[in-house]
Each structure stands twice: as structure tokens, then as C-alpha cells.
Amino acid sequence: MPIQIVDIDHIVLLVEDVDHAISFYCDALGCTMDRERADIGLYHLRAGSAFIDLVDVNGKLGRERVGPGGAKGRNVDHFALSMAEFNEKEIRAHLASHGIDAGEVVERYGSKGSGPSIYIIDPDGNTVELKGPKTSSGKLP
């Protein structure tokens, strides 16, 4: 089986007030800041073995994801599922056999480090990231 889901790696939320969101998830719920990328408006909060990523809708990444007019009630950007293995050729073939188009493979940072990932869209238009195992130190600029 080319796709074996291990767990949820992270969920990405679009937020309008980063400080309030960080306070809610960290102070009230006990998450901790794992990595802060204020330059692009991305904050990785550790929630047990997974991440809750906060994207500032007014930051660089948020403006790219949301576009003009703000989130308009859409505040979940995507969620990521951790996979036991990542074989791009097998994954693409498997998804294609189910009529699912897949995006390009990109190395992205997740709760277990940086590794390959690919985006797909579910039948209701939700973005799902299939996240492979850690392949590097995850050191980003």
C-alpha cells in the first residue's frame, strides 16, 4: 500500500490576531512555540506530537493564501497527514487510480521535521497535505 497514514502532523489556521491566537493556544491550552517565522507570518505551535500552525492573514504567507478581502469565514488552510513512507511514484499512481490529482512534491517543515510533502484536494475542496518522514534537519532561513 503506497499510502499508510501514521497520524496527523499539523493543521494550519488562518488568524487575524496572531497575539490573541498564540495566547489562546499557548497560555490557555498549554501549547508551546516551536518555531516562529514572523518574517512570513507563520508560527508553529507544538500540540503534543503534532503542530497547530498559525498563519497571520495580514502577513506575507497569509496574503498569498487568502488573497484580497481576507479569509471571509474560511480559517482552516489545510491539514497534514503523516505517512510511514514516501515514494512519489507509487503515491501518484495510487492517487491517479482514484481520480485524484496531486501537486508538486516539496520539502516542508512539519511536527517531525522537514520532509517531502504533496498537496491534494478532497471532494469538498479541502486541502490535504500528505507528509513524508523527516529527511533533513529542517533548518530553514
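For clarity, every value in this text was computed on a predicted model and none was experimentally measured. Start at 1 with the first residue, then count along the sequence.
S111 places a side-chain N or O within 3.5 Å of a backbone atom of D9 that can act as its donor or acceptor partner. Looking at S117, its side chain never comes within 3.5 Å of a backbone N or O of L130 through a donor-acceptor pair. Remark: side-chain polar atoms of R63 are paired, donor with acceptor, to backbone N or O of N58 under 3.5 angstrom.
By the 4.5 Å heavy-atom criterion applied to side chains, L13 and I52 are counted as neighbours.
Residue L81 is grouped with residue I100 when hydrophobic side chains (ILVMFWY) are merged at heavy-atom distances under 4.5 angstrom, including chains of intermediate members. Both F24 and V18 are assigned to one and the same hydrophobic cluster, defined by single-linkage of ILVMFWY side chains at heavy-atom distances under 4.5 Å. Note on V57 and I40: same hydrophobic cluster, where clusters join Ile, Leu, Val, Met, Phe, Trp and Tyr whose side-chain heavy atoms are under 4.5 Å apart, directly or indirectly.
Applying the 6.0 Å contact sphere to CD1 of I120 captures more than 12 heavy atoms from other residues, nucleotides or ligands. The environment of CG in D101 is sparse: at most 12 heavy-atom neighbours from other residues, nucleotides or ligands sit within 6.0 Å.
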Please lay out, stage by stage, how K131 and D7 fare under the test salt bridge (charged side-chain N to carboxylate O under 4.0 Å, His left out). CA-CA 10 Å; K131 183 85 175 64; D7 58 19; over 6 Å; no

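Figure legend: R108 and Y119 shown as a cation-pi pair, the cationic atom lying under 6.0 angstrom from the six-membered ring centre and within 45 degrees of its axis. Because its NZ or CZ atom is both nearer than 6.0 Å to the ring centre of Y109 and within 45° of the ring axis, R35 counts as a cation-pi partner of that residue.
Checking each of D34, D53, T32 against H44 for a side chain to side chain donor-acceptor pair (under 3.5 Å) leaves exactly one that passes, namely D53.
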